[in-house]
Each structure stands twice: as C-alpha cells, then as structure tokens.
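One structure is given below, encoded as structure tokens.
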Amino acid sequence: MVRLEQFATPVDTVVSRMRALCEVWPERDGVAVFNRVYLAVTEEFDRRLDAGEFPDPQAAITLDVRFAERYLTVAEDGPVPACWRPLLQFRRHPGVRPLQFALSGINAHIGHDLALAVVDACRTLGCAPTDLEDEFERVGDLLITLEERIREDLMPGPDLLQIADPLTHLLGAWSLERARDAAWSSARALWALRELPDLAAEFDQRLDAAVGLAGRMLLTPLPD
C-alpha cells in the first residue's frame, strides 16, 4: 500500500491542474468543454487506482500521467501540435456545438497523444509497449466511459437528433474505439522506429497532421 501512495501524487497533481483550468475558462469555451470531461475521467482513474483495480499501479500511473501531460502542455500555453490547433482556433465559434468541441479534443488526445504517451511511458519504465498492453487496455476501457459521459451530458434530446441532422452524421464518422486501436498500432510503430529518429519524427508529423484534419472536420459549424 505504501508503494501505491508513493505513485498517487502525480495523478493528484494532474487533477489539480485540470481543476485550475476549469476556473480560468468560460463554461462555453471549447477547450473547457473537453477539460471538464477529461477531468471527470481522470478522477475516476484515481478512484479505481485507490481501489486496487490496476495490478501494476506504477505502470498505470506512468501511462496516465504521461498521457495527461501531453494535453496539459497545450492547455497551459505550451507548444501546440497540429492535432490541437483546430480546437484552439474554433474554441469560441458560436456555430460549433459543445459535443463537437468534446469530440475534437478526444480525437486529438487519443488519435495522436496516446501513441506518444505509450512511448514516453516505455522510456520512463524501461520496457516495451507489449509490457504495457494490459495497462493500455485498462486505461482504454476507462476512456470508453469518456465517450459515454459525453453522450449523456452533451447529446441533444432524441427529438433534436434526427437521422438527417448534421451532428448525427459527425457522430457516425468517428469512433473512440477505432481511434484507440489505431493509437496502439501507432505506438508500436513509433517504438520500432526509436533507433531511426528521422523516420520516427516523420511518422509523428504525418500522424499529427492526419488527426488534425479529422479534428477540423469534427468542428464544422452547424446550423441551429
């Protein structure tokens, strides 16, 4: 139990930083919409960690924190990868709905950041991605609740979400589960390229750009 408490502090720090951002941004701000959802998932991760649901807490915490740091660097005015630029550009656009902001943030974070976070965690722990597969799956299962929470909190009522509604089309064009599977494949590819830094950088750049394009599509302004 002492070992678990030793590694709990970084998660607490991540939660504190996300809560601080909630105090700074207006509620309707697009990044704030994503931040609130991500905060709830991180708090749930912390609860499950305390309950002993992760067999290797050090690995789970390392992956979770490295993952969150990728987002927090952007949120706290650090360098902005291409995948996050659409959300920051459109964060106050009146024609973009809260659900779109949330999906665009998830797309950037899972589609690009998660793969890099796996590599970051492997370097920190001195292991290969295959050694983190169980933790990746458990964290990934928790991320599924992120999508469920978004649907519960941000989805328009059934009377507003008809099959011809443009938002319905956007929802059907993106899948968190597919994004998570692609992130695992990308992480393995980046790890295999770790001794070829030029190729690894090119792979990352192309992944970043592709995810950014999808994020921009998700933020297409819609009519009321």
Side-chain angles (χ1 to χ4, degrees), residues 1-81 83-84 87-88 91 98-99 101-125 132 134-154 176 179-180 183 187:
M1 190 64 187
V2 173
R3 182 168 178 258
L4 179 59
E5 292 177 352
Q6 176 184 355
F7 291 106
T9 302
V11 180
D12 294 338
T13 300
V14 164
V15 169
S16 296
R17 290 165 70 185
M18 290 182 184
R19 287 176 179 167
L21 291 172
C22 285
E23 299 297 322
V24 173
W25 294 325
E27 183 176 352
R28 183 62 174 75
D29 180 281
V31 186
V33 172
F34 170 75
N35 187 77
R36 287 194 298 272
V37 176
Y38 195 15
L39 171 60
V41 171
T42 305
E43 290 171 336
E44 177 62 22
F45 171 84
D46 206 11
R47 285 190 290 271
R48 294 187 185 188
L49 189 69
D50 291 341
E53 295 187 19
F54 292 91
D56 188 340
Q58 179 183 4
I61 291 168
T62 301
L63 177 57
D64 183 77
V65 172
R66 294 293 179 270
F67 186 35
E69 285 175 347
R70 291 272 171 185
Y71 157 68
L72 288 168
T73 296
V74 173
E76 295 170 345
D77 298 324
V80 180
C83 61
W84 284 102
L87 181 56
L88 270 66
R91 63 192 297 176
L99 180 58
F101 289 135
L103 288 178
S104 182
I106 296 170
N107 171 71
H109 200 37
I110 294 178
H112 176 259
D113 295 351
L114 183 54
L116 273 64
V118 170
V119 174
D120 291 342
C122 287
R123 286 175 173 154
T124 299
L125 297 168
L132 290 181
D134 287 345
E135 285 67 36
F136 180 91
E137 291 298 329
R138 288 176 180 272
V139 171
D141 289 343
L142 182 56
L143 290 173
I144 296 296
T145 67
L146 185 151
E147 187 175 38
E148 295 171 353
R149 183 180 180 90
I150 285 174
R151 292 179 181 274
E152 291 174 0
D153 294 351
L154 303 178
L176 187 150
R180 183 184 67 171

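Only this structure's heavy atoms are used, side chains among them; waters, hydrogens and symmetry mates stay out.
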Do Glu137 and Arg180 come close enough that some side-chain heavy atom pair is under 4.5 Å? yes

By ring pair (Phe, Tyr, Trp, His ring centres under 6.0 Å) - contacts of Phe45 (at least two apart): Phe54

Asp77: which residues meet the salt bridge (charged side-chain N to carboxylate O under 4.0 Å, His left out) condition with it, sequence neighbours left out? none

OG1/Thr42 to CG/Leu49 distance, rounded to the nearest 0.5 angstrom? 12.0 Å

Salt bridge (charged side-chain N to carboxylate O under 4.0 Å, His left out) with Arg19: which residues, sequence neighbours excluded? Glu43

Ala108 to Cys83 - nearest heavy-atom pair and separation: CB-O, 3.4 Å

Asp134 and Asp56, any side-chain heavy atoms less than 4.5 Å apart: no

For Glu76, give me all partners under side chain to side chain donor-acceptor pair (under 3.5 Å), at least two apart in sequence or on another chain. Arg17

Side chain to side chain donor-acceptor pair (under 3.5 Å) partners of Thr124, counting only residues at least two apart: Arg66

Closest non-hydrogen contact found for Thr73 with Pro79 is CG2-CD, 3.9 Å

Taking side chain as C-beta onward, heavy atoms only, is Glu135 less than 4.5 Å from Thr62? no

As an exercise, state the distance from CG of Leu21 to OG of Ser16, rounded to the nearest 0.5 Å. 11.0 Å

Shortest non-hydrogen contact from Arg47 toward Ala40: NH2-O, 4.4 Å

Residues that Arg123 engages under salt bridge (charged side-chain N to carboxylate O under 4.0 Å, His left out), provided they are two or more places apart: none

Could you walk me through whether Asp120 and Arg70 pass the side chain to side chain contact (heavy atoms under 4.5 Å, CB included) test, one step at a time? CA-CA 10 Å; Asp120 291 342; Arg70 291 272 171 185; 2.8 Å; yes

Please identify each residue that fulfils side-chain contact (heavy atoms from CB on, under 4.5 Å) with Val80, with sequence neighbours left out. Val74, Trp84, Arg85, Leu88

Set of side chain to side chain donor-acceptor pair (under 3.5 Å) partners for His109, sequence neighbours left out: Tyr38, Asp113

Test side-chain contact (heavy atoms from CB on, under 4.5 Å) applied to Asn107 - qualifying residues, sequence neighbours left out: Trp174, Val211, Ala214, Leu218

With a 4.5 Å limit on heavy-atom distance, are the side chains of Ile61 and Asp64 in contact? no

Would you please name every residue forming a side chain to side chain donor-acceptor pair (under 3.5 Å) with Arg28, sequence neighbours left out? none

Please check this pair: side chain of Arg36 against backbone of Glu27, looking for a donor-acceptor N/O pair closer than 3.5 Å. yes

If the condition is salt bridge (charged side-chain N to carboxylate O under 4.0 Å, His left out), which residues does Arg138 pass it with, not counting sequence neighbours? none

Less than 4.5 Å apart, any side-chain heavy atom of Leu125 and any of Leu132? yes

Indicate the atoms forming the closest heavy-atom contact of Met18 with Leu72, along with that distance. CG-CD2, 4.1 Å

Heavy-atom pair with the smallest gap, counting every atom of Ala183 and Leu114: CB-CD2, 3.9 Å

For the residue pair Phe101 and Phe34, what are the closest heavy atoms and their distance? O-CB, 4.5 Å

Can you name the side-chain contact (heavy atoms from CB on, under 4.5 Å) partners of Asp29, sequence neighbours left out? Trp25, Pro26, Val31, Ala32, Arg91, Arg92

